[in-house]
Amino acid sequence: MAGKRSDIDGMTEKDILILAVESSCDETAAAVVKNGRQVLSNVIASQIDIHTLYGGVVPEIASRKHMEKINQVMEEALRQAEVPLKDIDAIAVTYGPGLVGALLVGVSAAKAVAFASGLPLVGVHHIEGHICANFIDHEELEPPFHALVVSGGHTHLVKVMDYGCYEIMGRTRDDAAGEAFDKVARAIGLGYPGGPKIDKLSAEGDPEAIAFPRAKVEDSIYDFSFSGLKSAVLNYLNSCEMKGEQINRADVAASFQKAVIDVLVEHSMEALRNTDEKNFALAGGVASNQHLRAAMQKACDERGIRLYCPLPVYCTDNAAMIGVAGYYEYLKGVRHGWDLNAVPNLKLGERL
Ligand code: KG4
Ligand code: ZN
């Protein structure tokens, strides 16, 4: 198996079991992952119902809900995996980026369990986790490859040079792709979280009905900008209202989504144009969008590129992906101390 401990340092083969914890936003999650590629359990306590009442994630509520659930999800992850804590090799936990109060709950819980059980603690970058979700069930995938991470807080075009070693080629200058989905969904009355709702409604609409802009960032071919597109949708809705015209929400959803997807695909293919790499990976909550997956698949097929996409459950926030990333960090010898803190704006590739 790729990158397994025995391959790397010649030690006798031994399964490595990681208990992983994720609480950076509105999912309280824990998982047990074997040898970085096999998910033995993946427990997620979603807070979506409560945040839906407020139209978005309320940080203070998220922290409180994490506190209520964190111990339960860790116990449940061990129980479902049928692995006692004494058989775990390390505790991995997301320590950034994310909501500081939410991150702190996971970090504190992971530190407490690691300290009490004498296990090593490995802090994991949330975006690294999203990228590593592609290693689950794809034993053949190994760096180097390119990846597009599209989530509620991030839009990054990344060159994955090695396990845990990244070069950011492009990023959003303003809104993240998922954020744009959520804001547009709210504007057309679909509620939170907007991405899955636009994904579904757009199937009934015409993606060519409304000409929304495909933003270019002048000094970078890889960077993204979605705030102009969001404003264009809001202006379109206002102008229809002022003229007393009926709004076709499915057409708005489909046309907006096409504008986002066109740019994501175009920039990704531009990044692949000047490389010999034949593997490309999608990651993050927006990667579960069926229209994005289909458009990216078509573009990759035309160029002889193999597209990797995690299962939808590993696209949105989960702890299994943190267990995978944590495994590779663990193999490299990364260990964090009891002073590990939540770092809300942690940069990819930065180690604290
Ligand atoms: O990765 P994720 O769970 O959390 C962050 O790290 O941000 O991503 C959540 C984002 C939300 O903005 C949500 O609307 C979006 O992913 N999303 C989708 C879909 N499912 C989730 N966006 C488009 N289509 C989807 N099917
Ligand atoms: Zn995420």
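We count ligands from 1, going down the list as the structure has it; atoms in each ligand are counted the same way. Bear in mind the structure is a predicted one, so any value in this text is a computation, not a measurement.
Glu68 has no carboxylate O lying under 4.0 Å from a charged side-chain N of Arg64, or vice versa, which leaves the two without a salt bridge. A salt bridge links Lys14 to Asp89: one of the charged nitrogens lies within less than 4.0 Å of a carboxylate oxygen. Ion pairing between a basic and an acidic side chain is recognised when a charged N comes within 4.0 Å of a carboxylate O; Asp182 and Arg186 show no such pairing. A salt bridge links Glu140 to Arg306: one of the charged nitrogens lies within less than 4.0 Å of a carboxylate oxygen. Salt-bridge annotation for Asp223 and Arg171: absent, with no side-chain N of the basic residue lying under 4.0 Å from a carboxylate O of the acidic one.
Looking at atom 13 (C) of ligand 1, its nearest protein heavy atom turns out to be Asp182 OD1, 3.8 Å. Protein heavy atom at the shortest distance from atom 2 (P) of ligand 1 is Asp317 OD1, 3.3 Å. From the protein, the heavy atom lying nearest to atom 15 (C) of ligand 1 is Val286 CG2, 4.0 Å.
Taking 2.8 Å as the criterion, His126 counts as a coordinating residue of the Zn ion (ligand 2), since one of its N, O or S atoms falls below it. Not one N, O or S atom of Cys25 sits under 2.8 Å from the Zn ion (ligand 2).
Each of the atoms 5 (C), 7 (O), 8 (O), 9 (C), 10 (C), 12 (O) of ligand 1 lies under 4.0 Å from some heavy atom of Gly152. Which parts of ligand 1 touch Gly153 is read off a 4.0 Å heavy-atom cut-off, strictly below it: atoms 7 (O). Heavy-atom contacts of Gly285 reach the following atoms of ligand 1: 1 (O), 2 (P), 8 (O), 16 (O), 17 (N), 18 (C), 19 (C), 20 (N), 21 (C) (cutoff under 4.0 Å).
As for Asp317, its N/O/S atom nearest the Zn ion (ligand 2) is the one called OD1.
Any N or O atom pair closer than 3.5 Å counts here, and Asn289 shares at least one such pair with ligand 1. Considering backbone and side-chain N/O of Phe181, none are found under 3.5 Å from N/O of ligand 1. Backbone and side-chain nitrogen or oxygen atoms of Ser288 are examined, and one is located within less than 3.5 angstrom of a nitrogen or oxygen of ligand 1.
Proximity of Asp199 to ligand 1, defined as any heavy-atom pair under 4.0 Å, is confined to the side chain (atoms from C-beta onward). Proximity of His130 to ligand 1, defined as any heavy-atom pair under 4.0 Å, is confined to the side chain (atoms from C-beta onward).
Distances from atom 18 (C) of ligand 1 to the heavy atoms of Gly195, Ala185, Pro97 put Gly195 nearest.
At least one heavy atom of His126 sits closer than 4.0 Å to an atom of ligand 1.
Residues Pro207 and Lys258 approach most closely at CB-CB, 3.9 Å, considering heavy atoms.
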